[in-house]
Novice: 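Sharing a structure below in structure tokens format, with a few things to ask.
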2 protein chains.
Amino acid sequence: MLSIIIENYLKSIFHLSQNENNRITTTELAKYMNVKSASITDMMQRLEGMDLVDYKKYQGVILTNLGRKRAIDLVRKHRLWEVFLVEKLQFTWSEVHVVAEQLEHIHSEKLIDRLEHFLGNPKWDPHGDPIPDKEGTMETREQFPLAELLKGETATILGVSLDDENFLKFLEESELTIGKKILVNTAFSFDDSVQILANKQLINLSKKVAQHILVRKD
Amino acid sequence: MLSIIIENYLKSIFHLSQNENNRITTTELAKYMNVKSASITDMMQRLEGMDLVDYKKYQGVILTNLGRKRAIDLVRKHRLWEVFLVEKLQFTWSEVHVVAEQLEHIHSEKLIDRLEHFLGNPKWDPHGDPIPDKEGTMETREQFPLAELLKGETATILGVSLDDENFLKFLEESELTIGKKILVNTAFSFDDSVQILANKQLINLSKKVAQHILVRKD
DNA sequence: ATAATTATTTAGGTTTGTCTAATTTTTTAA
DNA sequence: TTAAAAAATTAGACAAACCTAAATAATTAT
């Protein structure tokens, strides 16, 4: 059974390399995980020996199939627990992450399968991220950053692409939550900010915020 | 924040010393936890320094108020999670313990308070053990080992006093679960076993089994 | 193409939590 | 009440997961 620490390494590598499925550098990983590069090198050599990563000196690291399987399993657990916390225990969007980070390390296949069923086999978590099934398969859908919408377009909020507590708090306070309909009132070219209409209110969103809200065009 | 390992030490000391509230020896604790006595001595010196236990060389160990508070908090979490597993996820009596042993180490006061409310503020866990409230107070009630009943007496099963997986499996298979009514048909003096009537069937119980089933006399 | 800079690895050290073997203290039995 | 046995502690070692400082490799800028 993998230690919690090793599980966290796998998850971090997975998150950093999933966009491009490219090798990531030890420095990148060190920054992301808040440990020193020397510790990364150390651990990568151990994980290589466990066939969890493909690591070559000075060439960075990438997950093996086994490592990816384990990482996706953690993502599955994390996201199912997030659904539980929000739907059953009324946690807010911004509160769930810290707790789910702990819960994802509970080892029990029966627990997670039963939890999935108890929650009604959800396919998306409270941030709009897909929940992998037992085989690691996740659903996909067309979605865009709100920032890409043009003046006058309408859309529905599907999720977010940034898991920052204050960002999520801001969205909660602005009531910009999943399912909400929005209309782009103005797109300002001078700073790429946008003004949207949501909940019958005009709300200004910075470029960064608009980039990390994911929507479906209506 | 206490490590999982330290939390397990506190819980073990608590369980071993709660009957008599007496000091326990390092050897007792070592056997219970499946580690060597030397490791216990080592750890006790650390815990003494953290004001979690009162430990004196060659005189055994007992929890301080602080240590007991922490241990009861773990018991609270363990038992609430057991209720969740049984009531919401349909785990059986004998399956819950291993998973709850992991879940009890999740750190989040909000999580456990919300869970308690979600479960309807239960006062007893699936084994019939009392669930401490936030202040550490638990309910009490009159209960006896089934072994103490006399021929002809009727009773209701309240719980068990042994957390052994095979013992619990046996009870599940015999449908001797919480709330079941029983009647003592015969008490055999030669081996202290008893024959009871439950679920319209005659069931023979060894002395050990009868000692670890807790009942209320009707 | 070489020098300077940056990235990465190696070497050696620390803490936590365990172990075995040796020693000391306590308990039990003669 | 002393000797033998049992229990408990100390000493020293080890693995995991980190660290700092030094060395080496790769990249970049001149």
Side-chain angles (χ1 to χ4, degrees), chain A residues 1-17 20 22-63 66-67 70-71 74 101-102 104-105 107, chain B residues 1-17 20 22-63 66-67 70-71 74 101-102 104-105 107:
Chain A
M1 199 158 62
L2 304 178
S3 73
I4 289 177
I5 286 168
I6 289 181
E7 290 190 338
N8 283 331
Y9 272 90
L10 296 180
K11 230 184 51 152
S12 298
I13 299 169
F14 180 74
H15 280 131
L16 286 175
S17 64
E20 306 283 325
N22 51 344
R23 301 182 90 83
I24 57 163
T25 64
T26 47
T27 314
E28 264 180 283
L29 190 51
K31 278 205 187 100
Y32 186 76
M33 297 189 74
N34 282 312
V35 297
K36 301 294 162 187
S37 296
S39 310
I40 300 289
T41 301
D42 226 58
M43 183 59 96
M44 290 311 103
Q45 290 168 347
R46 280 180 58 209
L47 298 187
E48 165 81 18
M50 297 166 85
D51 194 29
L52 291 168
V53 303
D54 172 359
Y55 165 76
K56 306 253 162 48
K57 265 196 200 182
Y58 299 107
Q59 289 179 221
V61 71
I62 194 167
L63 292 173
L66 177 60
R70 293 297 163 87
L74 287 163
E101 288 273 295
Q102 295 181 63
E104 73 191 1
H105 298 293
H107 293 286
Chain B
M1 199 157 65
L2 304 178
S3 74
I4 289 176
I5 286 168
I6 289 180
E7 290 191 337
N8 282 332
Y9 273 89
L10 296 179
K11 229 184 53 154
S12 298
I13 300 169
F14 181 75
H15 280 131
L16 286 176
S17 64
E20 305 283 326
N22 52 343
R23 300 183 89 84
I24 57 163
T25 64
T26 48
T27 313
E28 265 181 282
L29 190 50
K31 276 203 189 103
Y32 186 76
M33 297 188 74
N34 282 313
V35 296
K36 301 293 162 187
S37 295
S39 310
I40 300 289
T41 302
D42 226 59
M43 183 59 95
M44 290 312 103
Q45 290 168 347
R46 279 181 59 207
L47 297 187
E48 165 82 16
M50 297 167 84
D51 193 29
L52 291 167
V53 304
D54 172 358
Y55 165 76
K56 305 253 163 49
K57 265 196 200 181
Y58 299 106
Q59 289 179 222
V61 70
I62 195 168
L63 292 174
L66 177 60
R70 292 298 162 87
L74 287 163
E101 287 274 294
Q102 295 181 63
E104 73 192 1
H105 299 293
H107 294 287

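The shown structure was predicted, so the numbers you read here are calculated from the model rather than taken from an experiment. Note on naming: letters A, B, ... go to the chains in the order of the sequence lines (proteins, then strands), and numbering restarts at 1 for each one.
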Novice: May I have the distance from B:Leu29 (atom CG) to C:dT18 (atom P), rounded to whole angstrom?
Specialist: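 Going from B:Leu29 (CG) to C:dT18 (P), I get 11 Å.
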Novice: To the nearest 0.5 Å, how far apart are NZ in A:Lys11 and CD1 in A:Ile6?
Specialist: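 Output value for this atom pair is 15.5 Å.
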Novice: Determine all donor-acceptor pairs shorter than 3.5 Å in which one atom belongs to a side chain in residues 35-45 of chain A; sequence neighbours excluded.
Specialist:
| from | atom 1 | to | atom 2 | distance (Å) |
| --- | --- | --- | --- | --- |
| A:Thr41 | OG1 | A:Ser37 | O | 3.2 |

Novice: Using whole Å, what does the distance between atom P of nucleotide D:dA6 and atom CD of B:Glu28 come to?
Specialist: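 Rounded to whole Å, this separation is 18 Å.
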Novice: With a 4.5 Å cut-off on side-chain heavy atoms, are B:Met50 and B:Leu47 touching?
Specialist: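 SC-SC contact between B:Leu47 and B:Met50 confirmed.
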Novice: List in chain and number order the residues that pass side chain to side chain contact (heavy atoms under 4.5 Å, CB included) with A:Tyr58, two or more places apart in sequence or in another chain; answer none if no residue qualifies.
Specialist: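 Testing A:Tyr58 for side chain to side chain contact (heavy atoms under 4.5 Å, CB included), a comparison that skips the adjacent residues, returns none.
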Novice: For DNA chain C, what residues of residues 50-61 of chain A have any heavy atom nearer than 4.0 Å?
Specialist: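 By residue number: A:Tyr55, A:Lys57, A:Tyr58.
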Novice: Just jot down the side chain to side chain contact (heavy atoms under 4.5 Å, CB included) partners of A:Glu48, sequence neighbours excluded, or say none.
Specialist: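 Partners of A:Glu48 under the side chain to side chain contact (heavy atoms under 4.5 Å, CB included) test: A:Val53, A:Asp54, A:Tyr55.
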Novice: Sequence neighbours left out, what passes side chain to side chain contact (heavy atoms under 4.5 Å, CB included) with B:Gln102? Give chain and number order.
Specialist: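 Testing B:Gln102 for side chain to side chain contact (heavy atoms under 4.5 Å, CB included), a comparison that skips the adjacent residues, returns A:Ile106, A:His107.
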Novice: Is there a side-chain contact between A:Thr41 and the phosphate of C:dT10, meaning an N or O under 4.0 Å from OP1 or OP2?
Specialist: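 Result: no.
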Novice: Write down the distance between CD (B:Gln45) and P (C:dT18), rounded to a whole number of angstrom.
Specialist: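 Rounded to whole Å, this separation is 15 Å.
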Novice: Enumerate the protein-to-nucleotides 17-21 of chain D contacts in which both atoms are nitrogen or oxygen and the separation is below 3.5 Å.
Specialist:
| from | atom 1 | to | atom 2 | distance (Å) |
| --- | --- | --- | --- | --- |
| D:dA17 | OP1 | A:Ser3 | OG | 2.8 |
| D:dA17 | OP2 | A:Arg46 | NH1 | 2.1 |
| D:dA17 | OP2 | A:Arg46 | NH2 | 2.3 |
| D:dC18 | OP2 | A:Tyr9 | OH | 3.2 |
| D:dC19 | OP2 | A:Lys36 | N | 3.0 |
| D:dC19 | OP2 | A:Ser39 | OG | 2.5 |

Novice: Taking the side chain as every heavy atom from C-beta outward, state whether B:Leu29 and B:Ile13 have any pair of such atoms under 4.5 Å apart.
Specialist: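 Yes. Closest side-chain heavy atoms under 4.5 Å.
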Novice: Under a 4.5 Å cut-off applied to non-hydrogen side-chain atoms, are A:Ile4 and A:Glu101 in contact?
Specialist: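 Of all side-chain heavy-atom pairs linking A:Glu101 with A:Ile4, none is under 4.5 Å.
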Novice: From CG of A:Leu47 over to P of D:dA16, roughly how many Å is that when rounded to an integer?
Specialist: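 Going from A:Leu47 (CG) to D:dA16 (P), I get 12 Å.
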